[in-house]
Amino acid sequence: MEKIKMKTPLVEMDGDEMTRILWQMIKDELLLPFIELNTEYYDLGLAHRDETDDQVTIDSANATKKYGVAVKCATITPNYARVKEYNLKKMYKSPNGTIRAMLDGTVFRAPIVVKGIEPCVKNWKKPITLARHAYGDIYKNTEMYIDKPGKVELVYTDENGRESRALIQDMKGSGIVMGMHNMDDSIASFARSCFNYALDTHQDVWFGAKDTISKTYDGRFKKIFEDIFEKEYKEKFEAAGLTYFFSLIDDIVARVMKAEGGFIWACKNYDGDVMSDMVSSAFGSLAMMTSVLVSPQGYYEYEAAHGTVQRHYYKHLKGEETSTNSVATIFAWTGALRKRGELDGNQALSDFADKLEKATVGTIESGKMTKDLALITEIKNPTVLNSRDFILAVRERLEALL
């Protein structure tokens, strides 16, 4: 068959360790034989980030603003051990965090539902998309240990030097204290990203916070969401037959456990951090989760929801066989290709992405899968394939669909 052409490039962000190996296999076996792949390539491998003093990460984010769609491989966020292992100049920040901040984006994660990999919550029939606000709160906190009695206050000094004070606690003994913040602009971007993505994927939005206790802090989230929805999105939602509602986070959690799925669950930063792991684990595996960063300006960056699979990479370096799950990385590519096709009016590209996803899911449902899935599947006597053979099995099925 004639290869599918691409009008506009995708921004391609390469990564680290075992996912970098899978990245190349996916391109060689599942993409390049069928598409005239048009990408603007950025090497976000840790060694190259160090060589460029992390400028390559900034460049890749700017390219995403230029072209609108990116696909990213998993990358290492270095700790002290990684600094030593890679002989780095310094301990660089998370590439995901840098890109997220530059694109002002919200992360949407959803499980890839496959027959035979059943969720722990039996009534979950459809994916639950978790939208995590990824700015502020405890992730930008300031905290202090108080070792003797005293008064702890919250102090705000305006630009003219005038002070406002609020008593946090009159400490009668030792204890701990924490200060955190968020910004109206960031909350507004979060709201718009959620509402835009809901319209894009035709899903309702549920948002929960604790405004009964945190009347000002969580109450601000509630108000900004409500104001933006009423002014900018209510009519669009009604026309699309969609709903938005806010409730207390504990009520939302109870509703989620009894729901069928098929909606976007918007969470503040910490709630999203915790609940995304709960949802992914209950659906089966982090290796079976899609992840897309969506900005209110309409930039999209697709990636796998998991890390670089370090343990498998070390086995690979020793020449040992690995059975590494590549599904989330395949779906990062299909998500980006489909969006590129939509934006460019390239139906052939979007159709190809659909067929590659169908081939991937169909391979697993036929009983051919990597070891991690074989351990949790309800399919009888699955065939366990190594990393490359699974991708080759997907290719065989893809060729039949094409």
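All figures in this text were calculated on a predicted structure; none of them were measured in a lab.
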Asks: Does the side chain of Y300 reach to within under 4.5 Å of the side chain of V11, using non-hydrogen atoms?
Replies: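 Of all side-chain heavy-atom pairs linking V11 with Y300, none is under 4.5 Å.
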
Asks: For H181 and Y135, I'd like to know if the aromatic rings sit close, meaning centre-to-centre distance below 6.0 Å.
Replies: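 Yes.
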
Asks: Judged by modelled atom types alone, do K72 and T75 share a side-chain donor-acceptor pair under 3.5 Å?
Replies: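 Indeed, the side chains of K72 and T75 share at least one donor-acceptor pair under 3.5 Å.
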
Asks: Sort out for me which residue in V56, T57, D54 forms a side-chain contact (heavy atoms from CB on, under 4.5 Å) with P95.
Replies: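 Only one option passes, and that is T57.
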
Asks: So, T322 and S387: side-chain donor and acceptor under 3.5 Å apart, yes or no?
Replies: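 Yes, S387 and T322 have a side-chain donor paired with an acceptor closer than 3.5 Å.
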
Asks: Short question: side chain of D389, backbone of L385 - any donor-acceptor pair under 3.5 Å?
Replies: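 Checked: no pair found.
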
Asks: May I ask you to decide if S60's main-chain N or O and T64's side chain share a donor-acceptor pair within less than 3.5 Å?
Replies: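 Yes, T64 side chain to S60 backbone: donor-acceptor pair under 3.5 Å.
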
Asks: Specify whether F237 and F229 have parallel, tilted or perpendicular ring planes, treating 30° as the upper limit for parallel and 60° as the lower limit for perpendicular.
Replies: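 The rings of F237 and F229 stand perpendicular, inter-plane angle above 60°.
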
Asks: Donor-acceptor pairs are to be reported for all side-chain atoms of residues 106-121 against protein atoms at under 3.5 Å, with residues two or more places apart or in another chain.
Replies:
| unit_1 | atom_1 | unit_2 | atom_2 | d |
| --- | --- | --- | --- | --- |
| R109 | NE | S291 | OG | 3.4 |
| E118 | OE2 | G116 | N | 3.0 |

Asks: Counting N and O atoms only, with roles assigned by atom type, does the side chain of D204 sit under 3.5 Å from a partner on the main chain of T243, one being a donor and the other an acceptor?
Replies: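 Yes, because the side chain of D204 sits within donor-acceptor range (under 3.5 Å) of the backbone of T243.
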
Asks: Less than 4.0 Å between a side-chain N and a carboxylate O, is that true for R255 and D251?
Replies: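 A salt bridge is present here (some side-chain N lies under 4.0 Å from a carboxylate O).
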
Asks: So D227 and K231, salt bridge (charged side-chain N to carboxylate O under 4.0 Å, His left out) or not? Walk me through it.
Replies: CA-CA 6 Å; D227 287 350; K231 291 174 186 172; 5.0 Å; no

Asks: Compute whether any side-chain donor of one residue and acceptor of the other, for Q203 and T201, lie under 3.5 angstrom apart.
Replies: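 The criterion, which ignores hydrogens and geometry beyond distance, is satisfied for T201 and Q203.
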
Asks: Does a salt bridge link D50 with K89, judged by any charged N lying under 4.0 Å from a carboxylate O?
Replies: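 Not counted as a salt bridge, because no side-chain N and carboxylate O are separated by less than 4.0 Å.
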
Asks: With the side chain counted from C-beta on, respond yes when L356 and L401 share a heavy-atom pair under 4.5 Å apart, and no when they do not.
Replies: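 A side-chain contact under 4.5 Å is absent here.
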
Asks: Using atom types as modelled and distance alone, determine if a side-chain donor or acceptor of S281 lies under 3.5 Å from a backbone N or O of M278.
Replies: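 No, because the side chain of S281 does not come within donor-acceptor range (under 3.5 Å) of the backbone of M278.
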
Asks: Any side-chain heavy-atom pair from I58 and M102 closer than 4.5 angstrom?
Replies: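 Yes, side chains in contact.
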
Asks: For S350 and E342, test the side chains for any donor-to-acceptor distance below 3.5 angstrom and give the result as yes or no.
Replies: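 No, E342 and S350 have no side-chain donor paired with an acceptor closer than 3.5 Å.
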
Asks: Using a strict 4.0 Å threshold on nitrogen-to-oxygen distance, state whether D218 and R220 make a salt bridge.
Replies: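 Not counted as a salt bridge, because no side-chain N and carboxylate O are separated by less than 4.0 Å.
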
Asks: To the nearest 0.5 Å, how far apart are OG1 in T363 and CZ in R397?
Replies: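 Atom-to-atom, T363:OG1 and R397:CZ are 5.5 Å apart.
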
Asks: Quick one: does Y313's side chain get under 4.5 Å of V309's, heavy atoms only?
Replies: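 A side-chain contact is absent here, since even the closest heavy-atom pair is not under 4.5 Å.
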
Asks: Is there a side chain to side chain contact (heavy atoms under 4.5 Å, CB included) between I146 and S174 once you walk through the steps?
Replies: CA-CA 5 Å; I146 308 297; S174 60; 5.8 Å; no

Asks: Check E357 with R338, please: is the shortest side-chain N to carboxylate O separation under 4.0 Å?
Replies: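 Counted as a salt bridge, because a side-chain N and a carboxylate O are separated by less than 4.0 Å.
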
Asks: Hydrogens and angles aside, do N346 and K5 bring a side-chain donor and acceptor to less than 3.5 Å of each other?
Replies: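 Judged by distance alone, the side chains do not pair up.
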
Asks: Test side chain to side chain contact (heavy atoms under 4.5 Å, CB included) on L103 and K65 and set out the steps.
Replies: CA-CA 7 Å; L103 300 184; K65 291 180 181 181; 3.7 Å; yes

Asks: Got a sec: does the CE of M91 have more than 12 other heavy atoms crowding it under 6.0 Å?
Replies: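 Yes, the 6.0 Å shell around CE holds more than 12 heavy atoms from other groups.
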
Asks: Once the angle between the rings of F34 and F352 is folded into 0 to 90°, is it parallel (under 30°), tilted (30 to 60°) or perpendicular (over 60°)?
Replies: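 The arrangement is tilted - the two ring planes meet at 30° to 60°.
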
Asks: Of all the heavy-atom pairs spanning A336 and V71, show the shortest one and how long it is.
Replies: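 So the two residues come closest at CB-CB, 3.8 Å.
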
Asks: Can a side-chain donor-acceptor contact be found between Y67 and E40 if the only test is distance below 3.5 angstrom?
Replies: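 E40 vs Y67: donor-acceptor pair found between side chains.
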
Asks: Between D14 and Y41, do the side chains contain a donor N or O and an acceptor N or O under 3.5 Å apart?
Replies: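 Present: a donor and an acceptor within the cut-off.
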
Asks: Quick check: closest heavy atoms across G45 and D16, and the distance to 0.1 Å?
Replies: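 Here G45 and D16 meet closest at CA-OD1, 3.3 Å.
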
Asks: Over 60° means perpendicular and under 30° means parallel, so tell me whether F190 and F225 are parallel, tilted or perpendicular.
Replies: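 Ring orientation of F190 relative to F225: perpendicular.
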
Asks: Does Y233 reach the side chain of V205, with side-chain heavy atoms less than 4.5 Å apart?
Replies: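 A side-chain contact is absent here, since even the closest heavy-atom pair is not under 4.5 Å.
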
Asks: Can E143 and N141 be counted as having a side-chain donor-acceptor contact under 3.5 angstrom?
Replies: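 Short answer, yes.
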
Asks: For Y217 and D137, which I'm curious about, is there any donor-acceptor pair between the side chains at under 3.5 Å?
Replies: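 Side-chain D/A pair, Y217 to D137: present.
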
Asks: Measuring only between side-chain heavy atoms, which start at C-beta, is I168 closer than 4.5 Å to E153?
Replies: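 No, side chains not in contact.
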
Asks: Which is it for R165 and L154 under the side chain to side chain contact (heavy atoms under 4.5 Å, CB included) test, yes or no, and what are the steps along the way?
Replies: CA-CA 6 Å; R165 291 173 175 267; L154 193 62; over 6 Å; no

Asks: Would you name the heavy atoms of G335 and Y302 that are closest together and state the gap between them?
Replies: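 Looking at all heavy atoms of both residues, the shortest contact is O-CZ, 3.4 Å.
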
Asks: For the CG atom on L167, are there more than 12 heavy atoms of other groups (residues, nucleotides or ligands in this structure) within a distance under 6.0 Å?
Replies: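 Correct, the count exceeds 12.
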
Asks: Looking at every non-hydrogen atom in both residues, tell me the closest pair between S193 and S295 and how far apart they are.
Replies: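 Answer, listing the atom of S193 first, then S295: OG-C, 3.7 Å.
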
Asks: Which atom pair, heavy atoms only, marks the closest approach of M13 to W23?
Replies: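 Residues M13 and W23, closest heavy atoms: O-CZ2, 3.8 Å.
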
Asks: Please give me the minimum heavy-atom distance between V327 and N325, naming the atom from each residue.
Replies: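 Taking every non-hydrogen atom into account, N-OD1, 2.9 Å.
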
Asks: Under 3.5 Å, side chain of N386 to main-chain N/O of R388, donor-acceptor pair present?
Replies: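 Present.
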
Asks: Just verifying a value: how many Å separate I252 CD1 and C267 SG, rounded to the nearest 0.5 Å?
Replies: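 Interatomic distance, I252 CD1 to C267 SG, rounded to 0.5 Å: 8.5 Å.
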
Asks: Would you say D211's side chain and K215's backbone share a donor-acceptor pair under 3.5 angstrom?
Replies: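 Not confirmed, D211 side chain does not pair with K215 backbone.
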
Asks: Rounded to the nearest 0.5 Å, how far apart are OG1 of T377 and CD1 of I364?
Replies: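 Reported to 0.5 Å precision, the distance equals 9.0 Å.
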
Asks: Is the shortest heavy-atom distance from the side chain of Y314 to the side chain of E320 under 4.5 Å?
Replies: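 No, their side chains stay 4.5 Å or more apart.
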
Asks: If a pair satisfies salt bridge (Lys or Arg N to Asp or Glu O under 4.0 Å) and one of its residues is in residues 366-387, list it, with sequence neighbours excluded.
Replies: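 Salt bridge (Lys or Arg N to Asp or Glu O under 4.0 Å) check on residues 366-387 returns no pairs.
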
Asks: Is a side-chain N or O of S186 found less than 3.5 angstrom from the main chain of M183, in a donor-acceptor match?
Replies: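 Pair absent, no side-chain N/O of S186 close to backbone of M183.
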
Asks: Is a salt bridge present between K3 and E36, judged by a nitrogen-to-oxygen distance below 4.0 Å?
Replies: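 Judged by the 4.0 Å cut-off on N to carboxylate O distance, K3 and E36 do not form a salt bridge.
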
Asks: With rounding to the nearest 0.5 angstrom, report the CZ to OG1 distance, F390 to T370.
Replies: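 Reported value, rounded in 0.5 Å steps: 6.0 Å.
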
Asks: Taking NZ, NE, NH1 and NH2 as the nitrogens, is one of them in R395 or E399 under 4.0 Å from a carboxylate oxygen of the other?
Replies: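 Salt bridge present between R395 and E399.
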
Asks: Among E17, M18, E321, R311, exactly one meets side-chain contact (heavy atoms from CB on, under 4.5 Å) together with H316. Which residue is that?
Replies: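 Running side-chain contact (heavy atoms from CB on, under 4.5 Å) over E17, M18, E321, R311 with H316 returns exactly one hit, M18.
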
Asks: So for atom CD, which belongs to E235, do other residues, nucleotides or ligands contribute more than 12 heavy atoms lying within a distance under 6.0 Å?
Replies: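 Open.
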
Asks: Check this for me: does any side-chain nitrogen of one of K339 and D344 sit under 4.0 Å from a carboxylate oxygen of the other?
Replies: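 A salt bridge is absent here (no side-chain N lies under 4.0 Å from a carboxylate O).
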
Asks: Quick one: pull up CG in L88 and CZ in R49 and give me the separation to the nearest 0.5 Å.
Replies: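 Output value for this atom pair is 8.5 Å.
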
Asks: A side-chain contact here means heavy atoms from C-beta on lying under 4.5 Å apart; do T129 and W265 qualify?
Replies: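 Of all side-chain heavy-atom pairs linking W265 with T129, none is under 4.5 Å.
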
Asks: Quick one: do the R132 and N269 side chains pair a donor with an acceptor below 3.5 Å?
Replies: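 N269 and R132 do have a side-chain donor-acceptor pair below 3.5 Å.
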
Asks: Short question: side chain of S214, backbone of K210 - any donor-acceptor pair under 3.5 Å?
Replies: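 It does not hold such a pair.
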
